[in-house]
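To start, the structure under review is shown below, and the notes come after it.
Every chain is numbered from 1 and lettered A, B, ... according to where its sequence line falls, protein lines coming before strand lines.
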There are 2 protein chains.
Amino acid sequence: MRTGRPRDERVRLAILTAAQELVLEKGYAAVTTADVAARAGAGKQTIYRWWPGKGALVLDAFSEWVSQAPRMSRHKPSLSSTLVEFCRGAGEAAPVLRALMAEAQFDEDLHRRLIAQLVRPRGDELRACLADRRPADRELVVNVLSGLVWQRLMLNEPLDARFVRFALRVVQRI
Amino acid sequence: MRTGRPRDERVRLAILTAAQELVLEKGYAAVTTADVAARAGAGKQTIYRWWPGKGALVLDAFSEWVSQAPRMSRHKPSLSSTLVEFCRGAGEAAPVLRALMAEAQFDEDLHRRLIAQLVRPRGDELRACLADRRPADRELVVNVLSGLVWQRLMLNEPLDARFVRFALRVVQRI
DNA sequence: TTTTTACGAGACTCGGAGTCTCGGAAACAA
DNA sequence: TTGTTTCCGAGACTCCGAGTCTCGTAAAAA
């Protein structure tokens, strides 16, 4: 059994909540770890004890944001609905996704985390909607779609309904 | 006539050259404006007099790097050769492109410059290779291709010959 | 009770971005 | 020639955020 005082779950949640709120209010770049600690009523050291840095913290605070799609449906979700739902979530959090991907370019560890916690899961969701395609085709479509999305994000163009229609049209023609 | 001492062209080139060398040697993040000034034998203020910051400087130092394709051919360049040539240039400078696109996410002015000096021109080159397509198709193909490239860059996957084959296969099926 | 780890708080170091100032140089104008 | 304007190298300087260190205290297990 692990000895010593255990990690306080309420503190963990307070920090994640504070990070999410502050980033949505002021934007990723304008938020400091000191800000997060202050709003959470925590010490900076408590943040650095459990997260390697601001990037990983914000990633944890948002990694489930995008995929809060209603999983209640017992049907296999359609490609269209998956894409719509993703763009809805990613649309609100677009500045955060841009900032995380940007920061990850300067931080290998964060880059790995970002791919494992955000990029790969979204790709898997898409893949699951393409079970009827040939495997080679499937990878091709997934690559094209996520390419379009990330390009759109980094170029700061909206992930709106018009984009979804465009993306679906592309897929249809492959 | 503009009065006062004119800008020294040799200094301008020395700064651009120093920036390019240093970034290739040590990587974008590890280079400071003080480093560039030192190697160029210039003062920091001379850099800040002509460029708003490190990002814009490095962008200028590399903005023609990618498209040093031999324009000697009087034939219209093929999509294949354009893509190969672009990936060859972008392959070597991939870390720089990643860093510039990343930094641009935190700097609106740099973002505009990056799109105007790098993103748009490459898109135009691609577009010129697709003159035989219907205009709507053309935009679609350009979007898909540049989406694949930027995704590849930000995910730190190689822009190698295998990728070019993949991209061309995608285009062929649209 | 002792040991071990977590916690809040705050002081601290470190490094890079960008600014300011100074003495001097290169152009133009009177 | 002299004065004005802008450029230049050099270096000191401020500002700010990331991350570290320490201290007194709290909560769990041995």
Side-chain angles (χ1 to χ4, degrees), chain A residues 1-19 22-23 25-61 99-100 102-110 113, chain B residues 1-19 22-23 25-61 99-100 102-110 113:
Chain A
M1 181 64 183
R2 201 175 142 69
T3 173
R5 176 176 175 176
R7 178 173 188 179
D8 189 332
E9 181 68 7
R10 292 173 310 172
V11 171
R12 187 185 136 264
L13 288 176
I15 291 173
L16 287 173
T17 303
L22 281 168
V23 167
E25 288 170 18
K26 312 201 301 176
Y28 180 88
V31 174
T32 70
T33 52
D35 292 338
V36 176
R39 173 163 310 192
K44 278 176 67 176
Q45 189 61 32
T46 303
I47 292 181
Y48 284 104
R49 184 176 300 120
W50 300 108
W51 290 276
K54 190 170 86 164
L57 169 61
V58 175
L59 174 59
D60 274 8
L100 284 174
E103 182 127 322
Q105 304 303 315
F106 301 119
D107 181 340
E108 267 202 59
D109 178 68
L110 179 59
R113 290 168 185 264
Chain B
M1 179 64 182
R2 200 175 141 73
T3 174
R5 176 177 176 175
R7 178 173 187 178
D8 189 332
E9 181 69 8
R10 291 172 311 171
V11 171
R12 186 186 136 264
L13 288 177
I15 290 174
L16 286 173
T17 304
L22 282 168
V23 166
E25 288 170 18
K26 312 201 302 176
Y28 179 88
V31 175
T32 70
T33 52
D35 291 338
V36 176
R39 173 163 309 192
K44 278 176 66 174
Q45 189 61 32
T46 304
I47 292 180
Y48 284 103
R49 192 186 338 265
W50 300 108
W51 290 275
K54 191 170 86 164
L57 169 60
V58 175
L59 175 59
D60 274 7
L100 284 174
E103 182 128 322
Q105 304 303 316
F106 301 118
D107 182 339
E108 267 202 60
D109 178 68
L110 178 60
R113 289 169 185 262

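- You'll find a donor-acceptor pair under 3.5 Å spanning the side chain of A/Lys44 and the base of D/dG19, going by distance alone.
- Look at B/Thr46 and you'll find a side-chain N or O under 4.0 angstrom from OP1 or OP2 of D/dG9.
- Taking atom CZ on B/Phe106 and atom C1' on C/dG18, their separation rounds to 19 Å, with Å as the unit.
- For A/Arg10 and D/dA27, the CZ to C1' distance is 11 Å, given to the nearest whole Å.
- Between A/Asp35 and A/Arg39 there is no salt bridge, since none of the side-chain N atoms of the basic residue sits less than 4.0 Å from a carboxylate O of the acidic one.
- Rounded to whole Å, atom P of D/dC8 lies 11 Å from atom CZ of B/Arg12.
- Here C/dG10 presents its C1' atom at 14 Å from CD1 of A/Ile47, a figure rounded to the nearest Å.
- Between A/Arg49 and A/Thr46 the shortest side-chain heavy-atom distance falls below 4.5 Å.
- B/Tyr48 has its OH atom 13 Å from the P atom of C/dC20, to the nearest Å.
- Rounded to whole angstrom, the span from the NZ atom of B/Lys26 across to the P atom of C/dG16 amounts to 9 Å.
- Residues B/Tyr28 and A/Gln105 have side chains that never bring a donor and an acceptor to within less than 3.5 angstrom of each other.
- Taking only side-chain atoms of A/Asp8, from C-beta outward, the nucleotide of C/dC7, D/dG9, D/dA27 with the closest atom is C/dC7.
- Both B/Thr33 and B/Gly4 sit near DNA chain C, but only B/Thr33 has its closest nucleotide nearer the 5' end.
- More than 12 non-hydrogen atoms from other residues, nucleotides or ligands lie less than 6.0 angstrom from CD of B/Glu9.
- When every heavy atom of A/Ala56 is checked against every heavy atom of A/Leu110, the shortest pair comes out as N-CD1, 3.7 Å.
- If you take CG of B/Leu110 and C1' of C/dA17, they are 15 Å apart, rounded to a whole angstrom.
- Within the nucleic acid shown, A/Lys54 comes within 4.0 Å of sugar-phosphate atoms alone, with no base atom in reach, counting heavy atoms only.
- When the side-chain nitrogen and oxygen atoms of B/Trp50 are compared with OP1 and OP2 of D/dC7, none of them lie within a distance under 4.0 Å.
- Mapping B/Arg5 and B/Gln45 onto DNA chain D by nearest heavy atom places B/Arg5 closer to the 5' end of the strand.
- We find that CZ of A/Arg39 is positioned 16 Å from P of C/dG8, with the value rounded to whole Å.
- Between A/Arg2 and C/dA6 there is a side-chain N or O to OP1 or OP2 distance below 4.0 Å.
- Applying the 4.0 Å criterion to OP1 and OP2 of D/dC8, one finds that B/Arg49 has a side-chain N or O inside that range.
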